[in-house]
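Only one structure is covered here, and it is reproduced in the block below.
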Amino acid sequence: LTYKFNLGGETSFDRFKGFRRPGTIRQGTPSPIATADESRGNFRSFLYEHTLNFDHNFGNHKVSAVAGFSNQTFTNEILTGQKSGFVPDANGNYVFTNLIQGQNPNTTSLTEKWNNVGFLGRVNYGYTDRYLASLTFRRDGSSLFGPSYRWGNFPSASVAWRISRESFFQSNWINDLKVRASYGSLGNSEFLRPWQYYGRINPFPVAVFGPNEVEQLGAINTQLANANLRWETKKTTNFGLDAALLNNRLLITAEYFIAKTNDVLIDLPISLTTGNAGGNPPVNAASLKNTGFEFSATYRADATKNFKWDVTLNFTTIRNTVTSFGDTTTKFTQLGDARTELGRSIGEWFVLKSDGIFQSQAEIDAHINKNGDRIQPWAKPGDIRYVDSDGDGVLNPDKDRVYAGSPWAKFETGALFNASYKNFTLNIQLYAVVGNKLYNRPRYQIDRMDQNTNFRKDANPWTPQNTNTNMPRAAIG
């Protein structure tokens, strides 16, 4: 029986200092006066771990066990300051831009503290290295959750059978063969920030009350909170095979997994009419199912005195499905042009289908429904022609959207080659993602043409003299 104590620490110091001259435009917003900003941040984390380890052989039986306790604390501190109204020198230069100069001081500060506590127990058993089993239990607590839901229990178990150790197994080219299965659960709290189970209060509003019309300080709840926030839990079932062939030169691993995630933590959009004006509060709002297959093969050639090499190939496929939302009435959620629908994958592209650009008024007049009415009567030459996907003769931005692809790849694959000759090494890594659709969302911001700023350098909008382009006309307003 052995005892081990582990102490770890991490810290970082960040500093930002910026100065914005009059007329500088950021995100379409000009700066009327000279402004200086400065911020400093400090992050600290400390980990304390205590473990007891037991390892013993009883003839053909091998037993090992570990019990432990861990405590990790986190602190994040941020201080920001801003002043404006800086005056240039006679040459128009801003020499003194420290926050001791300037006017209109504005300061903010933020302190976040949270900690995680965990108890761990694990027992491993092996019989002649043929039959293997493991049981694990974790009980984790996090201050990111409210007092009633801080603790979660996460058990797991695994078994394995090394077939190659059986007396009936006779093979000259298979050196090791093992099949295995496991089931386990894990908790996740990384999505949350401290104290989000409390409502956010603004203590600065002022109201006039009484016959003397005296200003009174008040307070309002600017962000609603969910006191029932609880652990996001992922339960995974895994079936695998490991093999070593050709005198251990070829190593193969194959796995099939089913992962179900319940109580997924997300920020839930809430209407401003509820009084929620401080951002979307986090909730446990969905359940997901991921299934996939992973395969890996590594070949290591026999090494010579000066030269050796190996190559690894891998292949992965995964499919995710939304199995439920937080309530039975919700069938989908949408953020921008990405829709997450019950029974489908997360964040699939859900957009209006386009059919080129109107080149003339005649094309606009010809884009009609079965009653002869123009589908886009407001359009002008150079605008995008949209498809009436549901065929009802009316272009509706909600009803006529269609699924145009998914950000999730059908499969991913890669190759890694390593070689060395004496003191020289060569490494080549290849990676491929197949079947996903890339959506160039940033172009929506820089090509929308409703602001007189933020254009791409090579923007090429449609004009009557420039019709050979896939970019619609520039229109402001």
Side-chain angles (χ1 to χ4, degrees), residues 10-45 74-113 191-196 200-206 215 217 219-220 222-223 267 269-270 272 276-282 335-338 439-461 471-477:
E10 177 187 357
T11 185
S12 64
F13 298 89
D14 301 283
R15 180 181 179 184
F16 168 81
K17 187 175 183 180
F19 183 74
R20 191 175 179 186
R21 290 173 172 79
T24 305
I25 295 177
R26 296 178 183 173
Q27 295 295 320
T29 303
S31 175
I33 57 178
T35 305
D37 297 272
E38 188 169 346
S39 65
R40 300 187 183 189
N42 176 220
F43 172 81
R44 301 184 301 276
S45 175
F74 304 88
T75 303
N76 188 35
E77 298 174 328
I78 300 175
L79 177 65
T80 66
Q82 182 187 84
K83 275 192 172 182
S84 58
F86 291 85
V87 179
D89 61 17
N91 297 320
N93 299 318
Y94 292 90
V95 179
F96 302 104
T97 59
N98 293 324
L99 294 187
I100 194 172
Q101 284 87 26
Q103 304 170 9
N104 307 315
N106 183 18
T107 60
T108 61
S109 65
L110 170 69
T111 299
E112 296 179 318
K113 293 184 178 182
F191 182 83
L192 301 177
R193 305 304 305 170
W195 306 303
Q196 287 186 306
R200 186 173 298 172
I201 303 297
N202 179 357
F204 302 113
V206 176
E215 287 187 350
L217 289 175
I220 57 173
T222 58
Q223 185 183 48
D267 288 332
I270 295 181
L272 292 176
N276 185 76
N280 300 324
L335 181 62
D337 292 327
Y439 182 35
N440 195 355
R441 181 66 180 182
R443 286 194 62 180
Y444 173 80
Q445 299 294 337
I446 59 180
D447 286 0
R448 54 190 296 169
M449 295 294 181
D450 61 354
Q451 298 181 16
N452 193 23
T453 58
N454 300 329
F455 299 145
R456 284 185 296 119
K457 182 178 180 179
D458 58 344
N460 186 29
M471 184 175 179
R473 68 186 178 93
I476 299 178

### Query
Given the rule in the side chain to side chain contact (heavy atoms under 4.5 Å, CB included) test, do E38 and F16 qualify, once you have shown the distances and angles that lead to the verdict?
CA-CA 5 Å; E38 188 169 346; F16 168 81; over 6 Å; no

Where [X] and [Y] come nearest, the two heavy atoms and their spacing:
{"X": "S109", "Y": "L79", "value": "CB-CD1, 4.0 Å"}
{"X": "A36", "Y": "L99", "value": "O-CD2, 3.8 Å"}
{"X": "P461", "Y": "A474", "value": "CB-N, 4.0 Å"}

#### Entry: Sequence neighbours excluded, every pair satisfying side-chain hydrogen bond (donor to acceptor under 3.5 Å, both in side chains) that has a member inside residues 79-91
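Output for this query lists D37-Q82, T80-T108, S84-N104.
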
Main chain of [Y], side chain of [X]: is a donor-acceptor contact present, judged purely on distance under 3.5 Å?
{"X": "T222", "Y": "R200", "answer": "yes"}
{"X": "N276", "Y": "G279", "answer": "yes"}
{"X": "T97", "Y": "F19", "answer": "no"}
{"X": "N42", "Y": "S12", "answer": "yes"}

May I ask you to test the [X]-[Y] pair for a side-chain heavy-atom distance under 4.5 Å?
{"X": "P88", "Y": "F96", "result": "no"}
{"X": "F43", "Y": "D14", "result": "no"}
{"X": "Q101", "Y": "F86", "result": "yes"}
{"X": "P282", "Y": "L192", "result": "yes"}

### Query
More than 12 non-hydrogen atoms from neighbouring residues, nucleotides or ligands closer than 6.0 Å to CZ on F191, yes or no?
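Atom CZ in F191 is packed in, count exceeds 12.
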
### Task
For the pair R44 and E10, find out whether any cationic side-chain nitrogen is under 4.0 Å from an anionic carboxylate oxygen.
no

### Query
Are R40 and E77 within salt-bridge range, i.e. N to O under 4.0 Å?
no

### Message
Rounded at 0.5 Å granularity, tell me how far OG1 in T35 sits from CD in Q103.
### Response
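One finds 11.0 Å between OG1 of T35 and CD of Q103.
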
### Message
Please report the interatomic distance CE(M471) to CG(D458), rounded to the nearest 0.5 Å.
### Response
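Spacing of CE (M471) from CG (D458) equals 9.0 Å.
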
### Task
I would like to know whether N76 and T111 meet side chain to side chain contact (heavy atoms under 4.5 Å, CB included); could you show each step before the answer?
CA-CA 6 Å; N76 188 35; T111 299; over 6 Å; no

### Message
Test side chain to side chain contact (heavy atoms under 4.5 Å, CB included) on R441 and D337; report intermediate values, then the result.
### Response
CA-CA 9 Å; R441 181 66 180 182; D337 292 327; 2.7 Å; yes

